[in-house]
Number of protein chains: 2
Amino acid sequence: MPTAPRSLTARERARVEFTRDIKEAARRQLAEHGAAGISLRGVARDIGLVSASALYRYFPGRDALLTALIADSYSSLGDAAEAAAAPDAEVQDGAPDPGDHLGRWVAVCHAVRAWALAHPHEYALIHGSPVPGYTAPAETTEPGTRVPFLIGGLFARAAQDGAYRPLDRLPVPADAHRALLPLLGRLPDGIPDHLVVAGLTAWTYLFGAVSFEVFGHRANIVDDQRAYFDHEVRRLGVLLGLGPVAADGGRPSGQGA
Amino acid sequence: MPTAPRSLTARERARVEFTRDIKEAARRQLAEHGAAGISLRGVARDIGLVSASALYRYFPGRDALLTALIADSYSSLGDAAEAAAAPDAEVQDGAPDPGDHLGRWVAVCHAVRAWALAHPHEYALIHGSPVPGYTAPAETTEPGTRVPFLIGGLFARAAQDGAYRPLDRLPVPADAHRALLPLLGRLPDGIPDHLVVAGLTAWTYLFGAVSFEVFGHRANIVDDQRAYFDHEVRRLGVLLGLGPVAADGGRPSGQGA
DNA sequence: CATCGGCGAGAACACTGTTCTCGCTCGATG
DNA sequence: CATCGAGCGAGAACAGTGTTCTCGCCGATG
């Protein structure tokens, strides 16, 4: 544990400030030219440095700078998603309703999608091809778990409320259960397999859909991407058991009644 | 319009052969060092050229070479997927059964996953962050449609056989229907909306799951990735209506009986 | 006040993609 | 078969890149 914040020295304050400036300039370059367009010399120029060599006092290299951007992007995305899931967040045209698990799921999906569309290059950084090496640096894994845990919590709350009713009865096979042991070990005891599978499935689908749209795989296929996205994630929520079980397919008649 | 294939001249034959050699060398570099590690000078060295400038006689630039690799990768993936879906393909431990739509869907999924794991950098090239510009070059779009069309055909055949029974009854809203018009226009008439949505959903999920695994987002989360993948895609197939509707959740009792 | 550690500048090295020019050579053609 | 020239590879050059190293300088610290 780092020492208590006993008032940083002036040098240290200047250092963290400069580190922040560097990351900001890099993020600007990222937003404009993409990850491949981030050049240390360009970053140095942006913040008034003549030579890029000074940057090495703050980051051991370009990859480390990228890693820092990845971690920040995960945090930014996590913030956006959690804000959408907060108990007092506005569910789409309607008052907040703590029992509307499907609506909250859809809201989180829209938040993730909106963040990705607003920051396509940052999204590509965290969910595109891993650029630097092949293994994600350790400091990026923790912020990267926020969205999946948020989604998992959504399903857990629905189950607590007795509102979780998946539309199939397919049991989780023994080998799939064993495959999930690493995750189950980090979760509170007593969570049934199928609930974990539901969370993973929802998480996987959400980022599949967002990636397809951001990376252009749906151009010329879907026109009004937002409308289609809304339908697909809502339907997935219903299939996975978050939804109103109404067989007529409509949303609940009354507003949260 | 290019002349009929009236026996290429020796020069032309040598040219296509050399073009193939260049792409092979580039693909080797891609497999080893990733897309960012493909250098024209390295490719030139690999095929016995002293200078990289000669490559510009065959490709207008690095991006064009990458584009060619993308198109080839799509074709390679399409081949693998279509082979798995072929009528005489072995369905997982069992004789081919033309009525086993769920088994065929799962087989296609495993084929896509296996190809991606065997060619991770090529997979990253086609389903990771778009590297060169932002819009996919036209010549890559056609081979890129083979897998989604294959999956769509799977659902269409299941519907023809009367075996398509989605587990929900959520109607496709009017705005989502309108969003699908670009795609519906390129499909035979009379295909119901929900069938198209099912195909898109299956396609989206498949590549979400494969991307998560290939890009390492499931490390430390899922152990036996193949077992979990098998379960998740099988379950999605059931939810989307390809599956045995048996409420006990098991596979059909007899083998294709 | 003296000193020493952290800092930025700048040169240097090994790369990269791309362009241009210059001979040469081999294949198409008369 | 002989000749001509189109197509080709080599090589230099330019503008970049990440990274390393050294050299002063300046200010915070003892």
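Only a predicted model underlies this, so the values are computations on that prediction, with no experimental measurement involved. Numbers restart at 1 for each chain; the letters A, B, ... are given by sequence-line order, proteins then strands.
As a whole-Å value, the separation of A:L65 CG from D:dG18 P is 10 Å. In this structure, the CG atom of B:L40 is 13 Å from the C1' atom of C:dC15, given to the nearest Å. At whole-Å resolution of the value, OH in B:Y56 and P in C:dT18 are 3 Å apart. Look at CZ on B:R62: it is 15 Å from P on D:dT17, rounded to the nearest Å. B:R13 places its CZ atom 9 Å from the P atom of C:dA28, with the value rounded to the nearest Å. As rounded to whole Å, 9 Å separates atom P of C:dG6 from atom CZ of A:R15. In this entry the distance linking CG of A:L49 with P of C:dG10 reads 11 Å, nearest Å. With rounding to whole Å, B:E12 atom CD is found 13 Å from C:dG27 atom P.
B:H127 contributes no side-chain N or O that, together with a main-chain N or O of B:Y123, makes up a donor-acceptor pair within less than 3.5 Å. Side chain of B:R178 to backbone of A:A227: no donor-acceptor contact under 3.5 angstrom is found. When atom types are taken as modelled, the side chain of B:T140 and the backbone of B:A71 share no donor-acceptor pair closer than 3.5 angstrom. Side-chain atoms of A:H121 come within 3.5 Å of backbone atoms of A:A31 as a donor-acceptor pair (strictly under, hydrogens ignored).
Neither OP1 nor OP2 of C:dT18 sits under 4.0 Å from any side-chain N or O of B:R41. For D:dT17, the OP1/OP2 oxygens have a side-chain nitrogen or oxygen of A:S39 closer than 4.0 Å.
The side chain of A:R45 sits closest to D:dT17 out of D:dT17, C:dC7, C:dA9.
Here B:F59 lies out of heavy-atom contact (under 4.0 Å) with every strand. Among the protein residues, A:I38 comes within range of the sugar-phosphate backbone only, with heavy atoms under 4.0 Å from sugar or phosphate atoms but none that close to a base.
Residues of residues 21-33 of chain A that place a heavy atom closer than 4.0 Å to DNA chain C do not occur.
A:Y58 is not listed as a side-chain neighbour of A:D21, based on a closest heavy-atom distance of 4.5 Å or more.
When each of A:R57 and B:S51 is assigned the nucleotide of DNA chain C with its nearest heavy atom, A:R57 is the one assigned upstream, toward the 5' end. Nearest-nucleotide assignment on DNA chain D puts the 5′-proximal partner with B:G48, out of A:P60 and B:G48.
Atoms CD1 and CH2, from A:I151 and A:W105 in turn, are 5.0 Å apart once rounded to the nearest 0.5 Å.
Using a 4.0 Å cut-off between a side-chain N of Lys or Arg and a carboxylate O of Asp or Glu, A:R28 and A:E32 do not qualify as a salt bridge.
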